[in-house]
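One structure is given below, encoded as structure tokens.
Basis for what follows: all heavy atoms, side chains included, without hydrogens, waters or symmetry-related copies. Letters A, B, ... mirror the listed sequences (proteins, then strands); counts begin at 1.
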Amino acid sequence: MDRYEHGKIEKKWQQKWEENSAYVTKDSVQGQENFYQLFEFPYPSGNLHVGHWYAFAIPDIVARYKRMQGYNVLYPIGFDAFGLPAENAAIKRGVNPREWTYDNMDHMRSQMRSMGASFDWSREVVTCDPAYYKWTQWLFLQLYKNDLATHAQVSANWCPSCKTVLANEQVVDSKCERCESAVEKKQMQQWQIGITKYADRLIDDLDELDWPQEIKTSQKNWIGRSDGAELEFQIADADYRLKVFTTRPDTLYGVTYMVVAPEHRIIEDLESRISNLEEVQAYVETAAVKSEIDRTNDTKEKTGVKLEGIAAINPASGQEIPVYVADYVLGGYGTGAIMAVPAHDERDFAFAKKYDLTLIPVIDNGFDGSEATTIHSSIIHSEEFDGMDSEEAKSAIVKKVGGKMTKTYKLKDWTVSRQRYWGAPIPIIHCESCGPQAVPENQLPVVLPDVEDYLPNDEGRSPLSKVASFVNVSCPKCTEDAKRETDTFDTFMCSSWYFLRYCDSQNADAFADLEKLSSWMPVNHYSGGAEHTTMHLLYSRFFTKALADLKLLPDTVKNGEPYTRRMNRSLILGPDGNKMSKSKGNVIDPDDIVKHLGGDTMRLYLAFIGPYNEVGAYPWNPESIIGVRRFVERVWRLQDKVSTTVSVDDSVEREVHSALKRLTESIETYKLNTGVAAMMQLLNVFDKQEHIDKDHLKIFLSMLTPYAPHLCCEMWEVQGFDGDATNQQWPEVEHAKLVAKEMTLIVQVNGKVKDKITLPSDLDDAALERAARSSTKVQKFVDGKEIHKVIVVKGKLVNIVV
RNA sequence: GCCUUGGUGGCGGAAUUGGUAGACGCGCUGGACUCAAAAUCCAGUUGUAGCAAUACAGUGUGGGUUCAAGUCCCACCCGAGGCACCA
């Protein structure tokens with residue numbers, strides 16, 4: 001057999017697949033079930049890196065496997081093409097962001113070809129294409145018309161360096177996720193999506209999903225629901241009530257003071273009554289200047305100022321208590337005010353200690369005697385509630401003071417406007433007399449105009465505000481002069497529905513046809529990066545729920561959940577165990593690997609590197625991939641041993657089917673590494689034989705095809721098998737062939753292995769026991785001792801207990 | 001601090017869900033081929049003791065359940081990820 005020339009062979013088959021449009025997917029095929037395999041579409045950064053390969057190649061193996069199993073598989077590709085890097089390149093190097101983006105996509109497409117991925121390019125989606133963002137705009141307007149999008153004055157996260165607003169999810173440790181400048185709070189008019197209206201359903205519907213626990217938990221924590229009550233405290237001698245949220249209304253009698261956040265409006269509302277107003281205002285100012293970092297990073301030393309001249313009345317006890325302003329209470333959570341229970345809350349305790357405030361213990365923790373593990377908490381110092389179980393007391397006390405049980409969330413509404421150029425324009429027209437107006441649907445898309453200057457201005461208005469021809473329009477309602485919204489959408493808006501567009505990417509009349517959506521949605525398998533757990537993954541879940549409620553999605557999308565099964569993939573690290581980065585010089589270039597070892601080797605190596613369905617980090621091992629290449633070459637050389645006249649050995653037959661069984665299971669569970677191992681093991685079996693049966697080679701090639709499609713197609717052709725390797729039925733496990741005539745009996749004494757005996761596999765328990773007892777090795781341990789018990793596990797082992 | 005995950009050879013990782021711990025690969029050791037090297041092939045490779053057969057120990061630590069525990073239960077230690085002055 002000639003040397004295996006991956007370069008030639010891989011190019012040949014890639015060309016063939018392209019010429020035959022081999023992976024163009026029909027919406028339905030008679031007798032086949034549809035299967036939707038999705039991964040997060042890439043940002044066109046310019047170069048395919050190892051992470052992209054890992055993201056696309058492994059799902060491709062699954063897609064190819066599912067096709068061979070008889071499914072009609074949709075495995076689409078596209079580009080998440082709006083976003084900051086294009087714009088930064090424009091500002092830095094004066095290039096046109098559109099050209100930059102389209103050049104990058106061209107380059108990446110040609111790189112992707114080298115993966116041998118079975119993408120359906122005819123459904124490609126590019127979010128910066130007006131034919132796509134027309135529908136992003138249209139979908140936004142549906143949300144707007146249904147009160148799920150609002151233009152509101154909000155305290156926005158402002159990045160002074162990017163000069164734009166960020167969503168909460170894009171602020172990491174109070175820094176801009178992208179440029180790491182300290183994020184400031186700024187009061188601004190922003191477009192917001194009402195994701196909080198879906199908070200409960202976004203939590204509750206998780207239960208039904210076949211998702212890893214860590215993703216569900218992350219989303220739950222992020223949404224941060226807590227159950228509690230809203231209570232009102234009367235301010236003494238004033239017609240004013242201070243509302244608080246608490247999860248522990250049972251501790252109401254222990255409330256000895258109250259705290260409001262620095263931004264709480266009571267300070268303004270009762271200004272005239274606060275006798276130390278100057279001191280209070282000074283405190284409020286310092287708190288506002290303090291960045292989020294200072295506020296959370298200091299040694300948690302609490303500060304605050306008493307509002308002199310103001311007292312609140314504890315609604316349960318009638319006691320007058322002081323009110324403080326302190327920045328340990330957050331303006332944006334709950335009601336921005338708390339009732340402080342220093343006896344039972346660590347933070348309140350620290351504050352009370354510092355300012356010498358009273359403690360009243362109201363909870364008595366004790367064991368109730370019946371079960372040692374159950375702590376029984378009862379109420380004390382609480383008048384008629386004394387002795388009551390604290391859980392019961394919650395609702396009873398809320399009822400007494402006329403409060404109401406309620407829930408509160410950490411999740412905030414999603415700010416989607418960005419003061420940047422390279423994004424989809426927000427399809428709104430501002431009219432002085434009519435207010436914000438939706439751009440009429442027949443005028444969509446609102447096309448992003450070309451500009452000369454990509455810099456936002458210093459007040460944080462988008463570069464579009466400088467384009468008079470874009471800005472000045474007439475109001476769609478009153479036809480008077482009006483101005484276009486000049487902010488653009490956050491890219492997460494564009495990526496919240498791309499998987500719907502794949503179902504019908506060329507549709508000019510709708511974002512997607514309902515019928516076509518129903519043939520593909522929901523997505524069967526969705527894989528992506530863990531960093532999107534509380535961003536894209538949450539936004540897109542919200543999006544489909546909202547669209548489902550607006551009757552824009554078919555019934556197949558149950559609960560409005562877009563993804564049946566989701567997994568977060570691991571990270572591939574550099575050979576030194578660090579994250580790949582140019583500065584560390586540990587970057588593996590996939591183009592190099594393809595050139596020297598081949599795309600098939602790369603695919604197999606990535607499959608072999610570890611399980612795909614667990615979040616972890618795998619260092620790239622340059623020696624290990626050589627081992628995989630060795631495997632590929634050995635497979636190729638297998639052809640020297642092929643014979644049609646071998647007498648088929650039972651044990652070889654068994655190995656074939658047991659490998660097939662393991663391989664099949666490994667793909668279903670995304671533990672593709674064990675599948676590769678099964679094939680390597682089978683190859684070892686083949687290699688020990690003088691000749692191998694041609695039918696066995698055929699099964700082996702079918703098994704390997706999803707992993708190494710080029711190699712297998714070539715060998716399939718060379719061997720003269722019918723058709724194309726990629727179009728074959730997945731071979732069936734013949735269970736009869738898995739049954740061995742002989743078995744290895746494990747013989748244990750007191751649970752420790754002492755002997756292994758080869759026996760016919762059809763012996764009954766008594767015969768197995770006899771065989772075990774007669775083993776000389778066993779007798780050594782048993783002699784002279786009384787046998788208490790013998791355990792026989794059929795077909796496996798005998799354990800003799802002495 | 002809370003939540004979620006993990007912890008197995010020199011390394012990446014297997015283990016049919018309670019039944020042979022370390023599959024497969026890398027690396028390493030020895031051998032064959034070669035003038036030599038590379039490539040390839042063969043054998044070995046958890047530790048300790050032994051020339052060996054073999055024996056004992058062994059899945060983060062300590063207990064427990066069981067004929068039998070990497071796997072189940074309890075307590076603790078360490079790593080990774082998420083949340084974090086969230087009332």
Side-chain angles (χ1 to χ4, degrees), chain A residues 173 212-226 228 244-248 251 259 261 295-298 300-302 326-330 332-341 344-348 350-351 373 408-411 530-531 533-534 568 577 604-605 608-611 614-628 630-631 633-634 637 658 661-662 665-666 671 673-684 687-688 744-756 777 780 788-793 795-802:
Chain A
D173 290 337
Q213 191 53 45
E214 73 250 14
I215 303 182
K216 294 187 183 185
T217 311
S218 263
Q219 291 205 346
K220 277 186 197 174
N221 288 346
W222 183 260
I223 296 167
R225 174 166 69 193
S226 51
V244 301
F245 174 78
T246 177
T247 53
R248 296 299 303 273
T251 61
V259 187
R295 209 165 145 166
T296 53
N297 247 17
D298 58 22
K300 308 229 161 137
E301 170 75 10
K302 295 195 171 30
D327 65 5
Y328 82 90
V329 170
L330 308 173
Y333 181 78
T335 62
I338 62 155
M339 55 179 232
V341 187
H344 300 291
D345 181 282
E346 248 181 82
R347 296 153 297 174
D348 297 344
F351 190 82
T373 49
T408 189
Y409 306 87
K410 287 191 227 171
L411 183 72
E531 70 275 18
T533 301
T534 56
N568 283 351
L604 274 162
Y605 174 63
F608 192 51
I609 202 165
E614 286 167 22
V615 190
Y618 304 117
W620 181 273
N621 185 337
E623 276 158 344
S624 194
I625 190 171
I626 299 289
V628 172
R630 267 202 288 262
F631 166 75
E633 287 181 18
R634 283 173 65 203
R637 286 200 302 267
S658 114
K661 182 166 179 272
R662 283 169 60 199
E665 287 163 358
S666 78
K671 295 183 165 192
N673 52 331
T674 63
V676 179
M679 288 188 284
M680 288 173 164
Q681 213 171 342
L682 182 55
L683 178 68
N684 290 343
D687 261 350
K688 289 214 163 58
T744 304
L745 181 74
I746 305 302
V747 186
Q748 300 180 328
V749 177
N750 290 344
K752 291 186 179 181
V753 180
K754 296 299 175 193
D755 201 3
K756 299 171 189 182
K777 287 175 188 163
K780 235 167 72 184
H788 295 293
K789 204 175 189 180
V790 179
I791 312 272
V792 182
V793 181
K796 261 190 194 139
L797 66 74
V798 173
N799 185 13
I800 299 170
V801 185
V802 294

For nucleotides 16-29 of chain B, 5' to 3', base contacts (B), sugar-phosphate-only contacts (S) and non-contacts (-) with protein non-hydrogen atoms under 4.0 Å give ---BBS-BBSSS--

Contact class for [X] vs. all strands (heavy atom < 4.0 Å): base, sugar-phosphate, or nothing?
X        : answer
A:Pro611 : sugar-phosphate
A:Lys752 : sugar-phosphate
A:Ile609 : sugar-phosphate

Output field dot_bracket for RNA chain B (Watson-Crick or G-U, both distances under 3.5 Å, | for other-strand pairs) contains (((((((..(((......[....)))((((((.......))))))((((....))))..(((((..]....))))))))))))....

Look at A:Tyr333 and B:A87 and indicate whether a side-chain polar atom (N or O) is within less than 4.0 Å of OP1 or OP2.
yes

Could you list all N or O pairs between the protein and nucleotides 45-50 of chain B that sit under 3.5 Å apart?
none

Has A:Tyr605 got a side-chain atom pairing as donor or acceptor with A:Asn621's backbone, closer than 3.5 angstrom?
yes

Results of salt bridge (charged side-chain N to carboxylate O under 4.0 Å, His left out) for [X] - residues two or more places apart only:
X        : answer
A:Arg662 : none
A:Lys661 : A:Glu665
A:Lys220 : A:Asp207

With the criterion being N/O to N/O and under 3.5 Å, what pairs connect the protein with nucleotides 62-64 of chain B, and how long is each?
none

[X]: which residues meet the side chain to side chain contact (heavy atoms under 4.5 Å, CB included) condition with it, sequence neighbours left out?
X        : answer
A:Arg634 : A:Arg637, A:Leu683, A:Asn684, A:Asp687
A:Val802 : A:Val749, A:Asn750, A:Val782, A:Lys785, A:Ile787, A:Ile800
A:Pro212 : A:Glu214, A:Ile215

Between A:Pro619 and A:Gly334, which is nearer to the 5' end of RNA chain B once each is assigned its nearest nucleotide?
A:Pro619

Between B:G12 and B:C28, how far apart are the two C1' atoms, rounded to whole Å?
16 Å

Excluding sequence neighbours, so at least two apart, what forms side-chain hydrogen bond (donor to acceptor under 3.5 Å, both in side chains) with A:Tyr618?
none

Identify each atom pair where a protein N or O and an N or O of nucleotides 1-10 of chain B are less than 3.5 Å apart, giving names and distance.
none

